[in-house]
Amino acid sequence: MIIFREIAPLQQYLARLKKEGHTLGFVPTMGALHEGHLSLVRESKSVAGVTICSIFVNPTQFNDPADFDKYPITTANDIHLLVQEQTDILFLPAVAEIYPGGMSTTRHYDLGYLETILEGSHRPGHFQGVCQVVHRLLDIVRPHKLLLGQKDYQQCMVIKKLVELLRMPVEVIIGKTKRAPSGLALSSRNLRLSDDDKQKALALYKALDHMRAGIHARPIGELQETAKASVLAAGFDKVDYITIARADTLELLDPSAKWDGHTPVVAVAAAFIGGIRLIDNVLLT
Ligand code: PAF
């Protein structure tokens, strides 16, 4: 694996690979890699001749500075894992390389409704920061395929929209959420959970799964209330949301109604445990 910290030599190298006809697959990450990221690397290797992974903890997408300060950094282990997966290239830039003119941007990405709900409303500015860095990374790497994890369901939709807005010729591929045998969705933030909280955190997936089981029988609002209560009873400190939305638009379903039996829907949740904010989602249909 070749590690690049600077843009110019990376781009020179990639230009040569493209000239030789290689397809580039790109897996952007913020490090603290786990099986979810590695499965994307594997998927990239199955659809592209050359796989590039980036590790960059992007300051502009953290609406909470404390969350940024505590974000786990495990670079030596990440490199080891990427080498094991036979990743071709790692891009490991410093902040000044990504944001040479400073981090503020005058560009606003018009994400419309997507930015007004769920993660968008609970983390103001978060998706603008995600778009800012993904735009920059895509400009640098110019991949043919971009691989993202379904665990960040709304982020996947935002990035698809970004690619559309920018008219970038890149195919977005979404990899399935990877879970621990217990069901807990793998996340870099899990590294900050105590063993006890990791056990309790399972309640989030269980609640989403109960929603799946109950969707044919009970009104949406009732499912949401039961799910929220079960998560709080299991030891979560706070629930930002636990709700059901259309899988294609994230339009929230009417709580007083029952599911119509055919619209594809997704249950999405964000909640705090031990001061750590976890998100998860389950496609219900
Ligand atoms: O999902 C992530 O790790 C980040 O949001 C991403 C897409 C790498 C942008 O910083």
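Counting starts at 1 for both ligands and their atoms, in listed order. We use all heavy atoms of the structure for the numbers below, so side chains are in, but hydrogens, waters and symmetry mates are not.
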Heavy-atom closest pair, residues N58 and V130:
ND2-N, 4.4 Å

Minimal heavy-atom distance between L40 and G149, with the atoms involved, is CD1-N, 3.7 Å

For a side-chain contact (heavy atoms from CB on, under 4.5 Å) check, start with the C-alpha distance between L118 and L252, then their side-chain angles and the critical distance, and finish with the verdict.
CA-CA 9 Å; L118 308 173; L252 304 181; 4.1 Å; yes

Checking contacts here: is it the side chain or the backbone of L148 that comes within 4.0 Å of ligand 1, counting heavy atoms only? Could be both or neither.
neither

Mind checking whether H135 and Y109 have parallel, tilted or perpendicular rings, split at 30° and 60°?
perpendicular

What is the ring orientation for Y71 with F62, classed by angle as parallel under 30°, tilted 30 to 60°, or perpendicular over 60°?
perpendicular

Any N/O pair N58/ligand 1 closer than 3.5 Å:
no

For atom 2 (C) of ligand 1, what is the nearest protein heavy atom, given as residue, atom name and distance?
Q155 NE2, 3.8 Å

I need the nearest protein heavy-atom contact for atom 3 (O) of ligand 1: residue, atom name and distance, please.
M30 CG, 3.5 Å

Mark up the atoms of ligand 1 that fall under 4.0 Å of a heavy atom belonging to V133, in ascending order.
9 (C), 10 (O)

Check ligand 1 against Q61 and write out every atom of the ligand that is under 4.0 Å from a heavy-atom position of the residue.
4 (C), 5 (O), 9 (C), 10 (O)

